Amino acid sequence: MIMMNWLTWFQLLRMNSNNRFTGKKVWISGGSSGIGEALVHEFIKRGAEVIASSNDLPGLERVKASCSELSEMVTCLTLDLSQTSEIEKIVAGQLGEYGRIDYLLNIAGVSQRARIEETPLWLDRKIFEINYFGTIALTKAILPYMIKRKSGHVLATSSISGRFGFPLRSAYSASK
């Protein structure tokens, strides 16, 4: 199992013009926008079958449609990482359908922009539930299958905000 940051993966994909990922099963959380959306496109160009998950189904469908002739290589999966009690069941369903996950890219996350004294505690908890606990729950649900197969890669994203912290980003910085 290899842990890399998203930029390393993105650079690896850009430099690797062959179809090294042909037939691989790649799960990208946060696949409906931003870095996750870009990675969906990069992996399918290289022959991977992608499970793009997010709590934004219209966004996922937009990403799939933008893949034009390769759209059949993308599966849209509604997944709310704040609902950690549902994650094992969802993973089991995907593994039942696909048989394996070769790469898990934990891209999903939420941010906030507010002064700490103005941010309600429930919002701080929700940010942690998605950015931290949701990512851990998804990884822990898939990891036993990777260990059993003795094969698989997990990528976890972070943020510079997690290292230094920034004004108006208290919960986000702490969750990263």
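Heavy atoms only: backbone and side chains are in, while hydrogens, waters and symmetry mates are out. What you see is a predicted model; the values in this text were computed from it and never measured.
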Do Ser54 side-chain atoms and Gly30 backbone N/O form a donor-acceptor pair below 3.5 Å? no
Could you check Glu49 against Val26 for side chain to side chain contact (heavy atoms under 4.5 Å, CB included), going step by step and ending with a plain yes or no? CA-CA 6 Å; Glu49 295 178 48; Val26 178; over 6 Å; no
Could you go through the side chain to side chain contact (heavy atoms under 4.5 Å, CB included) check for Ile116 and Asp124 one step at a time? CA-CA 9 Å; Ile116 193 167; Asp124 293 326; 5.5 Å; no
What's the separation between atom CZ in Arg149 and atom CD1 in Ile147, rounded to the nearest 0.5 Å? 12.5 Å
Please report the C-alpha distance between Ile101 and Met146 in whole Å, then the side-chain angles of each, then the deciding distance to 0.1 Å, and finally whether the side chain to side chain contact (heavy atoms under 4.5 Å, CB included) criterion is met. CA-CA 7 Å; Ile101 302 298; Met146 289 181 169; 4.3 Å; yes
Do Asp102 side-chain atoms and Lys25 backbone N/O form a donor-acceptor pair below 3.5 Å? yes
What orientation do Tyr103 and Phe43 show, parallel under 30°, tilted 30 to 60°, or perpendicular over 60°? tilted
Salt bridge or not between Glu86 and Lys89? Use side-chain N to carboxylate O under 4.0 Å. yes
Straight-line distance of Leu138 CG to Leu104 CG, nearest 0.5 Å: 5.0 Å
Please report the shortest heavy-atom distance between Gly31 and Val40, naming the atom on each side. O-CG2, 4.0 Å
Within the side chain of Ser173, is there an N or O that forms a donor-acceptor pair under 3.5 Å with the backbone of Ser170? no
Grouping I, L, V, M, F, W and Y whenever their side-chain heavy atoms are under 4.5 Å apart, do Leu60 and Leu81 come out in a common cluster? no
For Val63 and Ser66, the nearest pair of non-hydrogen atoms, with its separation, is O-OG, 2.7 Å
What salt bridge (Lys or Arg N to Asp or Glu O under 4.0 Å) pairs are there with at least one residue in residues 138-148, not counting sequence neighbours? none
Could Glu42 and Arg46 be called an ion pair, given the rule that one side-chain N must be under 4.0 Å from one carboxylate O? yes
Measure the spacing between CZ of Arg125 and CD1 of Ile130 and express it to the nearest 0.5 Å. 14.5 Å
Just by distance, with hydrogens left out, do Asn106 and Thr139 show a side-chain donor and acceptor under 3.5 Å apart? yes
Point-to-point distance, once rounded to the nearest 0.5 Å, from NZ of Lys64 to CE of Met73: 11.5 Å
Any chain of hydrophobic side-chain contacts (each under 4.5 Å) joining Trp122 to Phe128? no
Separation between CD of Gln112 and NZ of Lys126, rounded to the nearest 0.5 Å: 13.5 Å
Any chain of hydrophobic side-chain contacts (each under 4.5 Å) joining Phe133 to Val110? no
Grab the two heavy atoms, one from Ile87 and one from Gly134, that are nearest each other, plus how far apart they are. CD1-O, 3.8 Å
Measuring from atom SG of Cys67 to atom CD of Glu72, what distance do you get when rounded to the nearest 0.5 angstrom? 9.5 Å
According to a hydrophobic-cluster definition based on side-chain heavy atoms being under 4.5 Å apart (Ile, Leu, Val, Met, Phe, Trp, Tyr only), do Leu77 and Tyr145 belong together? yes
Closest contact, heavy atoms only, Ser175 versus Ile127: OG-CG2, 3.8 Å
Do you see a donor-acceptor pair shorter than 3.5 Å between the side chains of Asp80 and Ser82? yes
Are Ile142 and Tyr98 joined in one hydrophobic group, where the rule is that I, L, V, M, F, W and Y side chains link up if heavy atoms are under 4.5 Å apart? yes
Minimum side-chain heavy-atom gap Glu129-Thr84 below 4.5 Å: yes
Do Ile35 and Thr157 have side chains that approach each other closer than 4.5 Å (heavy atoms only, starting at C-beta)? no
What verdict does the side chain to side chain contact (heavy atoms under 4.5 Å, CB included) test give for Leu79 and Ile90, after you've listed the backbone C-alpha separation in whole Å, the side-chain angles of each residue and the deciding distance to 0.1 Å? CA-CA 8 Å; Leu79 175 65; Ile90 292 168; 3.6 Å; yes
